[in-house]
Amino acid sequence: TFSSEMQREEVRSLANQMNIPMYWIETCADENVVKARVSKVRPFTQADYSVYTTIRNDWHPFIQPHLVVQTDCHDIHFLLAEVLEWLSKS
């Protein structure tokens with residue numbers, strides 16, 4: 001989840017060492033939407049609402065430039081277009 005700046009710095013450092021561009025995309029949604037999403041059984045994670053709240057409470061805001069995508073307001077096609085446009089300008 002890269003919720004702390006220290007975690008992000010580790011990834012940035014590795015990307016710099018490998019000469020790979022680094023882009024951050026922060027996804028957000030209304031609290032009720034998140035709760036509904038994480039309450040569903042998902043095959044690849046056991047994270048539930050308590051895991052989400054722990055991560056949310058430990059969250060450190062981004063210092064580096066990044067894109068914020070509101071995932072509860074638009075469908076995946078709109079969000080993908082938004083991300084691709086942002087990446088093309090970065």
Nearest-0.5 Å distance that lies between atom CG in Leu67 and atom NZ in Lys89: 11.0 Å

Separation of Ile25 CD1 from Phe62 CZ (nearest 0.5 Å): 9.5 Å

Note, Tyr49 side chain near Arg37 side chain (heavy atom, < 4.5 Å): no

Note, Ser4 side chain near Asp58 side chain (heavy atom, < 4.5 Å): no

Distance-only polar pair, side chains of Ser13 and Arg8, donor-acceptor under 3.5 Å: no

I'd like a table of donor-acceptor pairs (distance under 3.5 Å, sequence neighbours excluded) in which one partner is a side-chain atom from residues 38-46, with atom names and distances.
from: Ser39; atom 1: OG; to: Lys35; atom 2: O; distance (Å): 2.5
from: Arg42; atom 1: NH2; to: Ala47; atom 2: O; distance (Å): 2.4
from: Thr45; atom 1: OG1; to: Ala47; atom 2: N; distance (Å): 3.0

For the student: nearest non-hydrogen atoms of Ser50 and Asp48, plus distance: OG-OD1, 2.6 Å

Intermediate values then yes/no, side chain to side chain contact (heavy atoms under 4.5 Å, CB included), Met22 and Val11: CA-CA 8 Å; Met22 184 76 226; Val11 174; 3.6 Å; yes

Connected via hydrophobic side-chain network under 4.5 Å: Leu14 and Ile20: yes

Exercise: do His60 and Glu5 side chains pair donor with acceptor under 3.5 Å: no

Minimum heavy-atom distance Thr71-Ala29, with the two atoms named: OG1-CB, 3.6 Å

Atom pair CZ/CZ of Phe2 and Arg12 - distance to nearest 0.5 Å: 11.0 Å

Residue pair Tyr23 / Gln64, side-chain donor-acceptor N/O under 3.5 Å: no

Between CD on residue Gln70 and CG on residue Asp30, distance to nearest 0.5 Å: 8.0 Å

Close side-chain approach of Leu80 to His77, heavy-atom, < 4.5 Å: no

Atom pair OG (Ser3) and CD (Glu26), whose distance is rounded to the nearest 0.5 Å: 11.5 Å

Nearest non-hydrogen partners of Thr1 and Trp59, listed with the distance: O-CZ3, 4.1 Å

Side-chain donor or acceptor of Glu82 paired with backbone N/O of Phe78 under 3.5 Å: no

Closest heavy-atom pair and its distance - Trp24, His66: O-CB, 3.3 Å

